[in-house]
2 protein chains.
Amino acid sequence: MSDSCGYAEARRVAIFGGTHGNEMSGVALVSVWTRDDREIRRSRVRTEPFLCNPRAVEKCARYIDTDLNRAFTPENLSMPGGEELPYEVRRAKEINQIFGPKGSPDAYDVIFDLHNTTSNMGSTLILESATDHFNLQMVHYIKKAMAPESCMVLLTEHPQLKYSTTRSVAKHPVGLEVGPQPQGVLRSNIFESMRRIVKHALDFIEMFNGGVEFPACRVEVFRVHERVDYPRDTNGNISAMVHPHLQDCDWEPLNPGDPMFQTFDGSTIAYQGAGPVYPTFINEAAYYEKHQAFVTTFRETLAVSAIRKSTK
Amino acid sequence: MSDSCGYAEARRVAIFGGTHGNEMSGVALVSVWTRDDREIRRSRVRTEPFLCNPRAVEKCARYIDTDLNRAFTPENLSMPGGEELPYEVRRAKEINQIFGPKGSPDAYDVIFDLHNTTSNMGSTLILESATDHFNLQMVHYIKKAMAPESCMVLLTEHPQLKYSTTRSVAKHPVGLEVGPQPQGVLRSNIFESMRRIVKHALDFIEMFNGGVEFPACRVEVFRVHERVDYPRDTNGNISAMVHPHLQDCDWEPLNPGDPMFQTFDGSTIAYQGAGPVYPTFINEAAYYEKHQAFVTTFRETLAVSAIRKSTK
């Protein structure tokens, strides 16, 4: 017990839906739980469902002016000004007021941010830090509880790529990314998977707050390596599609020489890297404008410390 | 031969993409063929690729102000006015000028309008009339040429439901609807299916124009019966999802008592009709705002007359 990490109780938890207004599972779940929160109530933690981008939800669009899930930069959050700012920058400041301030002791303990993807990623948990053992223990718990259904862990910690996500306001930010689901569509299978993940996550927090100690363990994660764009012509238009051998193969190894893109005239562009990578977010609709056909990851196994509630 | 229908040569053909700016197969194919039209060139017919809604394509949205594919009403097409009209109404008037006027002898012979759906419809040809034997012979030819891949035929002829589609400008309007593909995503398998259908369609026209006679045949079609909306609460928000037993089961029979919707609290709503129907456009993203979870159809077999080129 002596080498376990102490973490404060997670008393204040939020569940964010509609950070992107056309990702319907989170929009629907937050709407359901706002009307009746019995399903997400636990005795030792207060959990609030929250709709992040109501104007984008209304329009069934990803965003109005700019991507809310990239808007939580220090510059935006400290920016003076009001109505003249882009809608999502205003909204980021509001969310930071309510659930933050980001990086402060007043910030919420845990934020679950509910997302969908058009990629064939299945159920995925997204973490921003490899040293947050509270979150790592939580995803370990969720993975076990979801089995035999798989639940992957994407680690976005990266020296250059910074995301400035909505959930980054919390002390322990957790992204849920469930797919494949088209934008603007609600599929019952995706909805139910997301619902089960949230249930297990809240059960974990309840147990943790109740004093349960979680022993050291190991968690397999996929650490973001680099973004790969579509081939483009001189006008910036894409000139090839994700190759049918790569399409829908999120999390599977892509080896040097494997087909990666198929040009409109039928020729194949192969992956040229030095060794295997694990692509994910393959052919995600929202990432065409971000110049990303997929992101490569490396698979690694993290050693997770035992954790217990700190006795203050 | 004496009972065959004479149809005029189909000399002017257009291929429309981007009627909906986020349905990417048609947008990409029209773009490819605008740069290099060798693939769609035939000796006896002139074929023009055309991007219908460039502003919606630019935004990767279905439309800017209103659905272009419902805008070709007599009222819109004869409406005076300019810049103050909704963008798609102006665009409908322009398209009607270039490819119509609708219902006139000057109208284009055939327009293929390329669409994608988030529904699991596979390759579908959409016809507006059960008495256009030229089109029925064409879809018969395409179905045979596409085999063993299936190619369904949806007949939208209906006493009440009117669509006023973009392609309705032509003498012989043909919709191509290929899915499943999320909005804003280009999948190579869907792209290639659509490309093959267009190839076979142009081959048919070339043969017809060259004097080939097509004998009487029978074609299986699915005739639109009625639209079914999602269950909704008193605020108009949906209160149930397409049931997992119905999801992705386009073209399969739905019998009385079969599960149709699943409410957010897990209960099932069954289909209550008098007999089997064949649902399609199941859970199409763009139809939430049209209050349509799916459309029911009846399966029927049409007797198609022999056709030949009229000798003027």
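Keep in mind the model is a prediction, meaning the values are calculated, not measured. Here is the naming used below: chain letters follow the sequence lines, and residue numbers restart at 1 for every chain. Just the heavy atoms: all of them, side chains too, but no hydrogens, waters or symmetry mates, feed the values below.
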Given a strict heavy-atom distance threshold of 4.5 Å, which part of [X] is in contact with chain A: side chain, backbone, both, or neither?
X: B/Asp36; value: neither
X: B/Asn189; value: neither
X: B/Tyr288; value: side chain
X: B/Ala240; value: neither
X: B/Tyr230; value: neither
X: B/Gln262; value: side chain
X: B/Leu29; value: neither

Exercise. Under a 4.5 Å heavy-atom cutoff, which of B/Ser188, B/Gly266, B/Ala286 has the most pairs with chain A?
Worked result: B/Ser188
Seminar exercise, completed: Ranking B/Arg187, B/Gln247, B/Gln183 by heavy-atom pairs under 4.5 Å to chain A gives rank one to B/Arg187
Pick one of side chain, backbone, both or neither for [X], based on which atoms fall under 4.5 Å of a heavy atom in chain B.
X: A/Phe191; answer: side chain
X: A/Glu192; answer: side chain
X: A/Ala61; answer: neither
X: A/Val32; answer: side chain

For this session: State, to 0.1 Å, how close B/Asp258 and B/Pro253 come at their nearest heavy-atom pair, and which atoms those are.
Result: OD2-O, 4.1 Å
For this session: Flag the pair A/Phe16 / A/Phe50 as yes when their ring centroid distance falls below 6.0 Å, and as no otherwise.
Result: yes
Problem set entry | Distance-only donor-acceptor check, side chains B/Thr19 and B/Asp113, under 3.5 Å | yes
Salt bridge flag under 4.0 Å for residues [X] and [Y]:
X: A/Asp229; Y: A/Lys290; value: no
X: B/Arg90; Y: B/Glu88; value: no
X: B/Arg195; Y: B/Glu39; value: yes
X: B/Glu23; Y: B/Arg62; value: yes

Problem set entry | Face-on cation placement of B/Arg70 at B/Tyr163 ring, 6.0 Å and 45° thresholds | no
Problem set entry | N/O donor-acceptor pair under 3.5 Å between A/Thr297 side chain and A/Phe222 backbone | no
